[in-house]
Protein chains: 2
Amino acid sequence: MIAAKEAGLTIQEVAEMTGLTAHTLRYYEKIGLLESIDRHGNGHRRYDEADLGWIHFLKLLRGTGMPIQQMQQFMELARQGDDSIADRVDLLQEHRQELFTRISELQEHLAHLDHKIAYYQGILTGIPADPCDS
Amino acid sequence: MIAAKEAGLTIQEVAEMTGLTAHTLRYYEKIGLLESIDRHGNGHRRYDEADLGWIHFLKLLRGTGMPIQQMQQFMELARQGDDSIADRVDLLQEHRQELFTRISELQEHLAHLDHKIAYYQGILTGIPADPCDS
DNA sequence: TCTTGACTTAGAGTGCGCTCTAAGATGTAT
DNA sequence: ATACATCTTAGAGCGCACTCTAAGTCAAGA
C-alpha cells in the first residue's frame, strides 16, 4: 500500500461500517437500490459519503420491514430528482402508517404473551389460575 | 346433511374461524405443531375446543415472530406434560425479551423515519431544513 | 347413476431476501 | 517468480413459511 489512499471506501470497508455484507452491497446495486457506484481504475467499487448516506437510509427502510420492491420504487423516484419529493413523502408516510400499525399489533401480542406467561407461572407456584386462559 | 352434526369442527370451519388456511392447518399438524387431530369415520379431521385453543396460541406465537422451529420445541415440551411447564415458561420469557427488544428497535426506526419525512417535507414547503439529514 | 364438493395424502412449487460459488483479474509482499 | 488477498462477474443455492397440485376417497343430492 504505497499509493496514497484514493478517494472513497472499498466494498469491504463499507461492509464493516454498515453491517451489510459485500455480497449484499453488490446485490443492492444490481437490483437498483444503489446507483452504479464509482469505480477505481481496476474496476473495484469506491464508495463516497453520499453512497454511505443512501446505504444507511436503505438500512433504515429494511429495518422497518419495508419490502425490497417498495424500496426499489422509492429509489426510482429518487433518481428522478427533486420533482419526485412529494411522491417520496407519500410513499414514506404510507409506510410509516403500516409500521405504526405493526408496532401496535406487536404490543398487543406482547401483552397477550405476558398474560400467558403469568398463567403458566401461576400453575408453577400453585396459585389458583385465572380460568380464562385466552 | 341428515346425520346429526358430529362433535367437532371441520378443517374449513376452523380455517374460517382462525384465519389460517386448511393447507396451513395440515402443515402445522404434519410438522408437529398440532397433535394428531381426531378423525371422523371417513378420515376427515375434526377439531375440538382444545385444538382450537392451541391453534390460537400458535397464531399468537407466530404473530410475535417466533420461528417455527422454536414453536416446535415448545410443543414438544407441551407434549411431555406438566413437568415441562418450567421449561416452557423459560422459552416464552426468552422470546418475550426478544419481542420487547424488537418493538423498541421498531420504535426507534419509527422516530428516525418520522425525522426523514419531516426533512423531506421541509424541502417541499421551502422551510430551511436541518442540515443534519441523518 | 352421476355429479358435485369437501376432504385425504405425498410431494412439488413459490416468493422473499439474501448468500454463496466459480472463474478470473489485479495488486502487493517475499 | 510466486503466493496471497481482494476484488470482479453471472448465476446457482438456501432457509423460511407457507401454498399449491395431483390423484384419490367418500357422502349427499338431482
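Predicted, not measured: the structure shown is a model, and the values here were computed from it. Each chain gets a letter, A, B and so on, in the order its sequence line appears, and its residues count up from 1.
- Taking NE2 of B:His44 as the start and CD of B:Gln12 as the end, the distance is 12.0 Å to the nearest 0.5 Å.
- Rounded to an integer number of Å, the gap from A:His40 NE2 to C:dA25 C1' is 14 Å.
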Step-by-step side-chain contact (heavy atoms from CB on, under 4.5 Å) determination, B:Arg102 to B:Leu99: CA-CA 5 Å; B:Arg102 212 153 60 74; B:Leu99 176 56; 4.2 Å; yes
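- The distance between atom CG of B:Leu34 and atom P of D:dC18, rounded to the nearest whole Å, is 12 Å.
- Contacts between residues 91-104 of chain B and DNA chain C, defined by a heavy-atom separation below 4.0 Å, involve no residue at all.
- Within 6.0 Å of atom CD in A:Glu35, 12 or fewer heavy atoms from other residues, nucleotides or ligands are found, so the atom counts as exposed in its surroundings.
- Heavy atoms of other residues, nucleotides or ligands lying less than 6.0 angstrom from CG of B:Asp82 number 12 at most.
- Straight-line distance from the CE atom of B:Met71 to the C1' atom of D:dC18: 12 Å, rounded to whole Å.
- For the pair B:Gln72 CD and D:dA17 C1', the interatomic distance rounds to 11 Å; values are reported in whole Å.
- In A:Tyr120, the OH atom is crowded: over 12 heavy atoms of neighbouring residues, nucleotides or ligands sit closer than 6.0 Å.
- The structure places OH of A:Tyr28 at 4.5 Å from CD1 of A:Ile68, a figure rounded to the nearest 0.5 Å.
- For the side chain to side chain contact (heavy atoms under 4.5 Å, CB included) with A:Asp51, the qualifying choice from A:Leu25, A:Leu9, A:Ile37, A:Leu34 is A:Ile37, the only one to do so.
- In this structure, A:Asp38 atom CG and D:dC7 atom P are separated by 17 Å, rounded to whole Å.
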Using a cut-off of 4.0 Å between protein heavy atoms and nucleotide atoms, how would you tag nucleotides 8-20 of chain C 5' to 3' with B, S and -? BB-B-----BBBB
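- A salt bridge links A:Glu76 to A:Arg79: one of the charged nitrogens lies within less than 4.0 Å of a carboxylate oxygen.
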